[in-house]
Each structure stands twice: as C-alpha cells, then as structure tokens.
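Worksheet for the structure shown next.
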Amino acid sequence: MNRLARSAFAVAMLAAPALAAAQGQPIKLYNVLELSGPIATAGTNYRNGVELAVKEINAAGGVLGRRLEVTTLDNQSNAGIAKALVQRAVDEGAFAVIGPTLSGAMVVSMSETRRAEIPNFTGAAAASITQQGNPYVIRTNATQLTAMPKLARYIKETLKAQTVDIVWINTDFGKGGRDQFLEAAKAIGLKVGADISTDQNQVDFSSAVLRAKQSGGDVLFAYTNEEESARLLRELRKQGYAKPIVGDTTLISQKAIELAGEAANGVQGQVPLTADAPTAAMRAFDEKYTREYKFKSDHNGIQGYMVPYIVKAVSERIGKVDPKAFAAAVRGTPILVKDVPGILVDTKFDRNGDPDRVSYIIEVRNGKQHVLATLPPNAPF
Amino acid sequence: MAELVQLVVSGIATGSIYALAGLGFTLLWQASGTINFAQGEFVMLPAFAMLFCVLAGMPLWVAVLVTCAAAMIVLGYGFKRAIVDPLIRHGVIPLVIATLGLAIALKTLVRAGYSAEAHQFGSPFPGGVFSVGGINVTYADVGTLLIAGVIVVALQAFVTRTLTGRAMQAVAQNTEAARVLGIDVKRMVLYTFLINAVLAVVAALLITPTYLAKFDMGESIGLKAFFAAIIGGFNQTRGALLGGVLIGILENLVGFYVSPAYKEGVALMLFLVVILIRPEGLLGKAEERKV
C-alpha cells in the first residue's frame, strides 16, 4: 500500500507541473481574415466581432479557467496568402482558425486545418465549402444553398415577379451564389432574363445596368461585394432603374448602405444576421460594438462575435479544450441564447457544419436597415 | 442608338478620370524623363488628406486648397528632392523600382492609419441626374469631363504658349542646350513636379466619389492611367486625354456588346495593339530620347 501510495504521489508530482501549465495556457484562436484587399470590409468587421467577444469572455474568467488568446493575420483577400497563414496558425498551435471569409481562399486553405484536425470557422458563403465532408469546417454565415431558395421564393411569391435579371460578381463567391440562385429559380418556375457577370473592383457599371434595363425583368437580383454593390446601386439610380432591387447580405450590409448613400434606399434583401434584429441580445451587442468601434456592425461582425462564444459554450459542454472533440460536439446540438447570450441567435449546426437559424428580410429606408420579416429556420429546434 | 450614346457618355466620364491621372505620367516624362509608378498612390494620398480635412470640419473647398499646398510640398518638392534627384542620374530603371517601392510604402502607411476599408467621399458636384434625349447624365459626369478638358487645354496652352512652358519643353528636349540658353533647368523641373502634385489632387477630388477612398484605390487608377498615357502618346499632354477617353468608351462598349467579362482586359489589349503598331502612341511623336 505504501509502495502504491508512493508511486501515485510520484506520478502526481510529475504530472502536476504539466497539468498546471496546460490549465494556465491560453486557448489560441487565429484570425486569418481579409483586413485588406477587395473584401476588407467583411474581414475587418469579423475581426472586430471576435476581439470584442474574446475581451468579454476573458474578463468573465475565460473558458474552463483558461484565457482566450487571439492572433490576427491579414490574408490580403488572397487565397495563396490565406493558405500560408492558416499553415502558420496550425504550426503555432492554434486551437481553432477563424477565416478566411473569402470563399475562394477558404476552399484552398481549409485542407490545412483538416490535416491538423482543428476547427475552422468561416463566414464564407460558397456552398461547396461544406459539401466536401470536412468535419472541421464550421460555417457561421448562411450557406448559399439555404439562402438562395429563400430569396428566389421571396422574389416570386412576395414581389410577384415572373422574370428576374441577375448581376453577379465573377468570383467563387459570386459564381456560387449565382449558380444556386439559378437552380432555385428554376425549381420554382421563376424565369431568368439577363445573366450579367461583373468584375471585382469594377468601377463603371453602366454597361451592366443598361443590359439589365433592356432585358425587361421584373426584379433585379444583385450579388456582388459591398463596394461593387455601392457602385452598382449608384449606377442603377443614375440610369433611372425603377424596378425592385433584391440582394443578399452584401447588397444591404451597413457598409454598402454607407457607401451607396441615397442610392441604397428601397433595396431589399435577406440577411442571416442583422444588428437591427428585434431581440434584446442583438440590441445589447449592437450597443457594445458601436461603442467600441464607432460604427455599426454588419453581419460579419455579428458572426465574428459569435465564434468565441461558440468555443466557450461547446468546450464547457464537453468539459475539455480538445479541438477534435469540439468539432464533433458542435454539430447537431443547438446553442441557445437563453443559455449563452453571446450566441445572439439560437443556432444549430448540421452535420456539414452549416448553421440553421432564423434569417431576416430587410429593406433599406433612409440609409437604415428595417426588418420586414423574420424567416424561420429550415428545421425547428 | 440611345444605349450607344449612353455608353459613350459614361465611358467619356470614366475615361476623363483615367486621363487626369495619366497626365501626370506624360508631364513628368516630358520634363524630367521620370516615370512615376506611384502615380496612382499620388492620387490616393490627397484623397485621404482631403477626407481627413473634411472630417476635421473643413468645407470641401478649404480641404482642397490645404491638400493642394500639402501635395505641392510632399508629392512635388519632397518627391523630387528625396527620390528623383538622387536616382535620376542612374537612369530610368532605378527610379521605376524606387517608385514601385514608394507605392507600396504609401499604401501601407494609409492602411495603417485609415484601415483597409473603403470610405465614402463626397462629390464636389450636385448629386442630381438629368436626361437629354433619353440619355441619363449626372452632374458629376459633366463636371468631371469639363474639369478634365479645361485642365488638358490649359496645360497644353501653358506648355506651348508661355515662356515658362516653352522653357520646360526646352528642358525636356535637351537639358544641356536649355542650360546653355540660360534656362534655370532645376526650377523648370520643379515646376513640373508641382503641377503634377496639383493634378493629383484634382484627380483625387474627381475620382474618389466613384472609386471610394481606399488605400489600394491607386492600383487600378495608376495602371489605367499608365495605359492611357502610352496609348495617347507619352510625349503629348493631349495624348493622355485621348488614351483615357478611348479606354473608358471601349470598356463600356465591350462590356455591353461583347461581354462584361472582357471589360477589364480592354485597356491592356488596346495598349498592346498601340505598342505594336504605333509605339509612340496615337498622338505621340517619334523621338530619340536622352537618357
């Protein structure tokens, strides 16, 4: 007995420093986001959200007694740089990688986190990202696969359109959205008139708008990044385009509204998340974010804010900080605002890592988002 | 027909923006044999300077004047003394490399100070649209075109019809001969850099409401402006205007009648064609260049 006790004591003495070190070590989160380049707006908002939540969580005692430590790397909206930075995050012992938001960059970089078996959060919207059976991808944004059918239905059933014209940006993000929208439109008998591709950083949209005007569709569906959306909206107003303009998150984001000015008024669209959502949790977030960064968050900032709270909620649920176990546990079980206020909206991730939750139909009025309707999750939980 | 005119009008407005930035290339080349690949960033920097002044509470016209003064000091005199003077004696290549480096440095600086996000920039023109024969034109389009046209004509007149302008041309054509004739070569070259700095401010004022104030806005402006200057003729002030307007119009026509997917390649294609067929540019004169 004495011998056993001595052995146990020796093992405990040997293990104690390692255990103490492990408990004291921060949980490393790596933002690999677009802080420059064409979609810097999205990456910057996302980064802000992450940092705000990390600050709050650390102030409240961290996750299972450990601090969250966030390192931010700028992928310059470039897929090659993003892949290299994700590799760096893996090498430096990241618990989870957050980003990229650029779909094309996410497609090429997520193999690194998969190989390292660590969670990879992303705000990228391209449907293909979660269709590859990667068990470590967790998407915070709505997927095009679920967003586009809702939008097509809205255009046909609520706006009573027979034909829709599409202006889209020729990137992985834009093409993915356009393809999903075409499929969704076809499924419900919504005809597509002009199908107009545009380029990233395009300045002059006069030829695109003229084509849309000549096509004679009942509604214009615009699927471009924030800056291009602002320029497109201005050109649409310049050329007197008077039909409904509908889009997704980028078209009606706060940044696009700010940049487009009056041209954004009247535009409608769907957002998976909005700081104007009529809930107490979102109002509290909106106040905190605006106070911290002096501008209103778009949906990317909200997604970024959710991520550390997802890390906290799921890690505390499984009782350990284990990337592999985390990636498995995050799927299938809802995270509810009543349990984790920082999640902001009740969310459940499916087995692909796609979120299911409410979304909102927004109209821009006087430069502000107004919620017209709340669309329920695809499956109740 | 109406759509053709609409496309041409919009193309001219966009093209005149390229032309304004392109003017800087031709001016510096003519007067000092300098190619400034930071020309796009020379437009970006005043945009942020004006934005800073406006956010500090200045009216736009005051912001423009303050920025003009600052640009003449920093982008005119400072650029010449700190970068061009020490390097020009080693030929064009070191200067090209230095200005490429300068472009990166300026972008990094602005990104660090202003973030990488795009910022809205108020237009100096009224925001309305008017219609002529079914063609919609904004006051900003007209204003941009007018200012660009006036600047090109005024510059041309200044260079060809004033004593100082002719002295600048003489310096450009043969520095040594100009010096023998009693022309203050250094001063003439300095004038060119100062004019270039003011042009950059004007270009920023006209461009930024459309391009949006962003740290990398100079990349595409600089490239298109360079193409515009080459296409029109690097040794002709009017050449930049022609090159810019041609690019603007052709981009729109290709975008509408062919496919928007090819729109952004128009400037490069036109550039290649002109370089192959008429290397001196559409309005340029073949010359043996001193190096």
Side-chain angles (χ1 to χ4, degrees), chain A residues 33-45 47-48 74 76-77 167-170 194-214 225-228 230-231 234-241 255-263 293 295 298 367, chain B residues 2-4 6-11 13-15 17-18 107-108 111-112 115-123 127-129 131 134-138 140-141 207 209-217 219-221 224 247-249 251-265:
Chain A
L33 292 168
E34 297 72 18
L35 304 183
S36 58
I39 64 158
T41 301
T44 306
N45 271 276
R47 187 263 325 259
N48 291 349
D74 176 13
Q76 300 173 34
S77 305
V167 177
W168 52 283
I169 187 164
N170 196 1
D195 181 12
I196 305 160
S197 82
T198 59
D199 284 312
Q200 198 155 273
N201 287 329
Q202 186 165 321
V203 175
D204 187 349
F205 282 87
S206 51
S207 56
V209 170
L210 215 49
R211 281 168 75 107
K213 275 178 77 177
Q214 289 204 335
N225 292 335
E226 280 90 347
E227 287 163 37
E228 290 80 7
R231 295 186 189 116
R234 285 184 186 181
E235 186 64 33
L236 284 162
R237 297 310 185 207
K238 173 187 160 184
Q239 292 200 28
Y241 188 88
K255 194 68 191 177
I257 294 170
E258 177 201 324
L259 296 175
E262 288 183 5
Y293 300 109
F295 64 90
D298 69 1
Chain B
E3 75 264 13
L4 178 67
Q6 178 75 63
L7 290 167
V8 170
V9 168
S10 293
T14 310
I17 287 174
Y18 302 148
K107 278 188 288 190
T108 309
R111 191 177 71 178
S115 87
E117 290 205 50
H119 301 268
Q120 196 188 18
F121 188 95
S123 173
V129 179
S131 194
I135 311 302
N136 293 325
V137 185
T138 63
D141 287 344
I207 287 169
T210 308
Y211 268 77
L212 306 171
K214 196 175 172 191
F215 79 101
D216 59 358
M217 63 183 275
E219 286 175 10
S220 60
I221 297 169
K224 295 269 174 74
I247 292 173
I249 293 173
E251 277 184 344
N252 270 359
L253 294 181
V254 169
F256 185 76
Y257 291 110
V258 184
S259 163
Y262 298 114
K263 189 172 182 281
E264 291 301 305

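In what follows, chains carry the letters A, B, and so on, assigned in the order in which the sequence lines appear, proteins first and then strands, with residues in each chain numbered from 1.
Proximity to chain A is limited to the side chain of Thr14(B), based on heavy atoms less than 4.5 angstrom apart. Contacts of Phe121(B) with chain A are absent, with no heavy-atom separation under 4.5 Å from either backbone or side chain. Using a 4.5 Å cut-off between heavy atoms, Lys214(B) contacts chain A through its side chain alone, with no backbone atom that close. Heavy-atom distances place the side chain of Asp199(A), and not its backbone, under 4.5 Å from chain B. Only the side chain of Arg231(A) comes within less than 4.5 Å of a heavy atom of chain B; its backbone N, CA, C and O stay farther away. Both the backbone and the side chain of Leu259(A) come within contact range of chain B, judged by heavy atoms closer than 4.5 Å. Heavy atoms of Asp216(B) lying under 4.5 Å from chain A belong exclusively to its side chain.
A donor-acceptor contact shorter than 3.5 Å links the side chain of Tyr293(A) to the backbone of Asn48(A). The backbone N or O of Ala263(A) sits less than 3.5 Å from a side-chain atom of Arg237(A), completing a donor-acceptor pair. Side chain of Lys255(A) to backbone of Ala118(B): a donor-acceptor contact under 3.5 angstrom is found. Side-chain atoms of Asn170(A) do not come within 3.5 Å of backbone N or O of Ser197(A) as any donor-acceptor pair. Looking only at distances, a side-chain donor or acceptor of Glu228(A) sits under 3.5 Å from a matching main-chain atom of Asn201(A).
The environment of Glu262(A) atom CD is sparse: at most 12 non-hydrogen atoms of other residues, nucleotides or ligands sit within 6.0 angstrom. Shown here is Tyr257(B), whose OH atom has more than 12 heavy atoms of other residues, nucleotides or ligands within 6.0 Å.
Of all the listed residues (Ser131(B), Ser259(B), Gly255(B), Gly248(B)), the one sharing the greatest number of non-hydrogen pairs under 4.5 Å with chain A is Gly255(B). In terms of heavy-atom pairs under 4.5 Å with chain B, the best-connected choice from Gly37(A), Gly43(A), Ala40(A), Gly261(A) is Gly37(A). The greatest number of non-hydrogen atom pairs below 4.5 Å with chain B, out of Leu210(A), Leu35(A), Thr41(A), is found for Leu210(A). In terms of heavy-atom pairs under 4.5 Å with chain A, the best-connected choice from Val254(B), Asp141(B), Leu253(B) is Asp141(B). Highest contact tally toward chain A, considering only Asn252(B), Ile17(B), Val129(B), Thr210(B), is held by Asn252(B) [criterion: heavy-atom pairs under 4.5 Å]. Counting heavy-atom pairs closer than 4.5 Å to chain A, the top residue among Arg111(B), Glu219(B), Met217(B) is Arg111(B).
A search for side chain to side chain contact (heavy atoms under 4.5 Å, CB included) contacts involving Ala213(B) returns Phe48(B), Leu51(B), His119(B), Thr208(B), not counting sequence neighbours.
Looking only at side-chain heavy atoms (C-beta outward), Asp204(A) and Lys263(B) come within less than 4.5 Å of each other.
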